[in-house]
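Here is how names work: the chains are called A, B, and so on, in the same order as the sequence lines, proteins then strands, and each is numbered from 1. Any value given below was found using the heavy atoms of this structure, including those in side chains, with hydrogens, waters and symmetry copies removed. Since the structure is predicted, the reported quantities are computational estimates derived from the model, not experimental observations.
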Amino acid sequence: MNDLRDLYQDVILDHSKNPRNEGRPENPGHEAKGNNPLCGDKITVYVTVDDGVLKDIRFEARGCAISVASASMMSELAKGKSAEDVRAMFDDFHEAVTSKEPVAPEEVEKLDKLAALIGVREFPMRVKCATLPWHTMASAIDDSTQEVTTE
Amino acid sequence: MSYDVSKIRNDFPILGEEIYGNPLVYLDNGASAQKPRAVIDAIGNTYEHEYANVHRGVHYMSQKATDAMENARETVRSFLNAADAREIIFVRGATEGINLVASSWAEMELRSGDEIILTEMEHHSNIVPWQFVRDRTGAVIKVAPISDDGELLMDEFEKLLSPRTRLVAVTHISNALGTVVPVAEIIRMAHDHGAKVLIDGCQAVPHMQIDVQALDADFYVFSGHKLYGPSGIGILYGKADLLNAMRPYHGGGEMINTVSFEESTFAELPFKFEAGTPHIAGAIALGAAVDYVTGIGLENIAAHESELLAYATEQLREINSVGLIGTAPEKAAILSFNLDDIHPHDVGTILDREGIAVRTGHHCAQPVMDRFDVAATVRASFGLYNTRQEVDALVASLRRVQEIFGA
């Protein structure tokens with residue numbers, strides 16, 4: 001049962017019940033939609049990018065605790081950062097949750113709050129739940145019009 | 001005759017598996033059922049002792065394999081009480097069976113403005129092929145609505161019938177809701193309007209006796225893997241005069257009579273619809289699955305599952321925030337529900353760690369999910385080997401989910 005506690009930690013449950021930065025903003029800059037058809041997770045991410053910096057990021061999500069928590073944590077960490085830094089964070093996070101290798105302590109530190117989500121790697125069927133908001137945010141930043149899907 | 005579920009469980013090797021150190025509690029029979037030793041052995045036995053390509057050879061092994069496969073066809077004929085074994089077509093599964101009817105019957109028969117009636121409860125396999133027909137012929141799809149309990153509204157269904165109705169395609173038992181649909185009545189009403197009826201029997205054949213002649217069904221499909229048989233094999237039943245009038249579905253070997261580059265002529269039923277080398281071992285093992293189920297007796301299986309359904313429903317209702325979806329008075333042992341506002345995916349993951357296999361998601365029935373305004377549900381679906389203790393394990397695990405989520 002340790003595994004489950006690793007996945008459904010208090011911080012994750014907190015973020016899933018009280019998501020930060022939720023709601024459609026009045027003046028959405030770029031937006032992108034993401035969808036996981038296998039489990040019904042749906043998310044829309046709104047970003048306002050000014051001079052290469054994410055001035056604002058919000059989202060609307062209907063989905064499992066993992067996807068909502070990931071979106072919430074992502075929004076807290078990404079706000080105010082440069083688009084490049086956000087992309088780097090995404091790469092680190094994606095690597096941490098999909099890699100077979102144990103995550104090095106410096107990597108864990110770099111991930112900050114996201115480290116709580118590393119537990120999802122023990123649940124391969126749920127990794128897409130954790131990464132969907134990130135893919136969607138990247139798509140919003142790139143101002144792509146194609147809906148992001150996990151399939 | 002008392003139902004000895006322990007003895008039955010011993011017939012299923014996989015039920016002895018452990019999942020993360022817990023005994024497997026397999027409650028996903030609606031998606032696919034586990035296999036008894038008799039079915040597993042039928043596959044092995046075929047490949048070890050009676051395998052060669054069927055229908056074509058003059059040698060002994062070919063004859064043996066052909067006999068075994070045709071015996072299986074006759075077993076299925078008897079199981080469905082079809083009039084003739086030529087009306088039993090081996091296909092890959094119900095989905096292929098439905099696509100066959102859509103392509104070989106509907107696309108030929110239907111004209112622009114003709115009507116196809118479906119229900120809100122249908123599995124995607126009984127929706128998408130008809131959309132193809134609609135796109136190719138200009139036919140129109142009408143959808144019969146269901147009540148909040150998940151019952152088909154028969155008055156509303158009747159209103160949809162018109163002089164232009166050519167086909168009614170309906171599930172016998174809803175995989176998402178468990179509703180048992182009054183198909184005999186639907187067939188009678190459809191026939192009064194000159195329409196044909198295709199029944200999706202996937203969830204029905206493992207749980208109740210089917211008599212296609214008594215039902216007067218035009219087409220009836222089911223998949224082997226939900227009937228404790230192998231995957232990759234299924235059955236399309238069709239009335240002989242309908243099947244005879246239909247053009248072939250797939251072309252190739254087996255389904256021909258003569259072939260030249262100018263023209264080919266086609267085989268008689270059932271082979272006209274069985275192009276290429278079939279899943280020989282699969283067909284034979286499907287026969288073994290039918291024998292296994294009829295050996296226990298479908299009435300006995302139905303009684304056992306009915307008890308489980310009642311017990312499980314009662315236990316789930318005691319958990320305060322379980323919302324059951326699909327509460328028709330007549331139901332199969334399928335329980336679809338949501339727990340608080342916890343996403344089914346999270347419920348399923350926690351249950352999984354305790355060895356409990358349920359299905360979470362839209363169950364290939366997105367329209368039903370939309371009808372009840374949910375993205376997904378948790379579904380526990382019972383089979384002939386499930387027990388009350390397994391229901392208890394499910395309930396205990398659900399309470400644990402609530403603990404974790406602080407609900």
Measuring heavy-atom distances to chain B, does A:Ile66 have an atom under 4.5 Å in its side chain, in its backbone, in both, or in neither?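 Both backbone and side chain of A:Ile66 come within 4.5 Å of chain B.
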Does [atom1] in [X] sit with more than 12 non-hydrogen atoms of other residues, nucleotides or ligands closer than 6.0 Å?
| X | atom1 | value |
| --- | --- | --- |
| B:Arg92 | CZ | no |
| B:Asn320 | CG | no |
| A:Asp51 | CG | no |

Measuring from atom [atom1] of [X] to atom [atom2] of [Y], what distance do you get when rounded to the nearest 0.5 angstrom?
| X | Y | atom1 | atom2 | value |
| --- | --- | --- | --- | --- |
| A:Ser67 | B:His343 | OG | NE2 | 6.5 Å |
| A:Phe123 | B:His345 | CZ | NE2 | 12.0 Å |
| B:Thr349 | A:Arg126 | OG1 | CZ | 3.5 Å |
| A:Lys17 | B:Ile342 | NZ | CD1 | 8.0 Å |
| B:Ile404 | A:Leu13 | CD1 | CG | 8.0 Å |

Exercise: identify the closest heavy-atom pair between A:Glu122 and B:Arg353: O-NH2, 2.9 Å
Got a donor-acceptor contact below 3.5 angstrom from the B:Asp346 side chain to the A:Cys64 backbone?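 No, B:Asp346 side chain to A:Cys64 backbone: no donor-acceptor pair under 3.5 Å.
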Could you name the residues of residues 97-107 of chain A that have a heavy atom within less than 4.5 Å of a heavy atom in chain B? none
